[in-house]
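Just so it is clear: chains get the letters A, B, ... in the order the sequence lines come, proteins before strands, and each one is counted from 1.
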Amino acid sequence: MDHLQLGAYTFSSRLILGTGKFSSAPVMLEAVKASGAQLVTVALRRFNREQLEDDLFGPLSEIPGITLMPNTSGASTAAEAIKAAHISRELSGSPFIKVEIHPNPQHLMPDPIETMEAARILASEGFLVMPYISPDPVLAKRLEDVGCASVMPLGSAIGSGQGLASAAMLSIIIRESSIPVIVDAGLRAPSEAARAMEMGCSAVLVNSAIAASDNPSEMAAAFRDATEAGRHGFKAGLMAESTEAVATSPLTSFLGEQS
Amino acid sequence: MRLKNRPKEIVQKPLKMITIQLNGEPETLPETSALSDLLAHIGSDGKTVATLVNEQVVRPPQRAVHILMEGDRVEILVFAGGG
């Protein structure tokens, strides 16, 4: 079987779902089910007695086969991310942590230095560290060296829908990496997920494209199918490109041809 | 444990009130309230929340015996939606 391997965990789905920005918890839960995702991200937030529906742990736990991957969003330093990771593991029992450290809310670009420091410490503590990073092949390799379970370079800025703007750098990261490469952020259309998978990504992480669509469940299913199609395409091996036409039909012996 | 040090006669007297910080906001509670009492007070069964008192994680089995003190900073955290 073709499975996504992360640490000791195996997943048949290669679509990882973010749970933010949905119009309501029920809409999000339906999208999770439709997506077939087995790994979903959540964010640690303060309990609010006026918004009890914000608490997603209970409802997500009821979906069979779901593993939680808490993120460290809100952290702008390694120390804050490490603290969030520890609290999240207490609550979730999951070893997965998406290390997400972005100091600037304008562009949400991840801080490579703080991310590196947090990843090194958390990996040494036994976390399955999934760092959200800029598409930097050197940083990706350094994160692999300190024991990350994957690297998650962005396709484009979080929530921007600019797709695989980083495709050229992603290709280098995929070529160089010995751990799974997961495109995280920026995807808009299911076809972009398919393309990322055809390029050799091990999985894609999608949130806004599904949450902000008119029909999140249907979009979740579309991303599920696109991710699978792209994976099949990658495994089958794309044909070589040519600048010249290469005929698929015989060009000789046509009806009525004078020889 | 703080529970062992709790003077027994206080439980019998009319309870004094203490003020703690709950998720950054002041909250008034009867003296000798445990962390689990606070959770019940705000309507949480405690199963889906993480609790910290003065930046230290208090695990679920300890919540019933962790007595809150005047000025304690309590954080109650949940998993919300996020990408």
To the nearest 0.5 angstrom, please state how far the CG atom of L44(A) sits from the CZ atom of F79(B). 6.0 Å
Give a yes or no on whether E53(A) atom CD has more than 12 heavy-atom contacts from other residues, nucleotides or ligands under 6.0 Å away. yes
If you tally heavy-atom pairs under 4.5 Å between each of T41(A), V206(A), L68(A) and chain B, the highest tally belongs to T41(A)
Non-hydrogen side-chain atoms of L77(B) and R46(A) separated by less than 4.5 Å: yes
Minimum heavy-atom separation for G81(B) to A43(A), with atom names? O-CB, 3.9 Å
Can you tell which part of Q51(A) gets under 4.5 Å to a heavy atom of chain B, answering side chain, backbone, both or neither? neither
Using heavy-atom distances under 4.5 Å, tell me whether N71(A) contacts chain B through its side chain, its backbone, both, or neither. side chain
On a heavy-atom basis, which atom in L91(A) and which in K47(B) lie closest, and how many Å separate them? CD1-O, 4.5 Å
OG1 of T51(B) to CZ of F47(A): how many Å apart, nearest 0.5 Å? 12.5 Å
Is the CZ atom of R188(A) crowded by more than 12 outside heavy atoms at less than 6.0 Å? no
Can you tell me which portion of S208(A) sits under 4.5 Å from chain B's heavy atoms? Options are side chain, backbone, both or neither. neither
Max heavy-atom pairs within cutoff under 4.5 Å with chain B, candidates V40(A), L205(A), N48(A), I87(A), goes to I87(A)
Could you state the interatomic distance from OG1 (T48(B)) to CG (L60(A)), rounded to the nearest 0.5 Å? 11.0 Å
Under 4.5 Å from a heavy atom of chain A, the part of V49(B) involved: both
What part of S61(A) lies closer than 4.5 angstrom to a heavy atom of chain B: side chain, backbone, both or neither? neither
As an exercise, state the distance from CZ of R49(A) to CD1 of I76(B), rounded to the nearest 0.5 Å. 8.5 Å
Of all of A25(A), S73(A), G159(A), S92(A), which one pairs up most often with chain B through heavy atoms under 4.5 Å apart? S92(A)
Please flag which part of K98(A) lies under 4.5 Å from any non-hydrogen atom of chain B: side chain, backbone, both or neither. side chain
Any idea which of I158(A), D54(A), V42(A) has the most non-hydrogen atom pairs under 4.5 angstrom with chain B? V42(A)
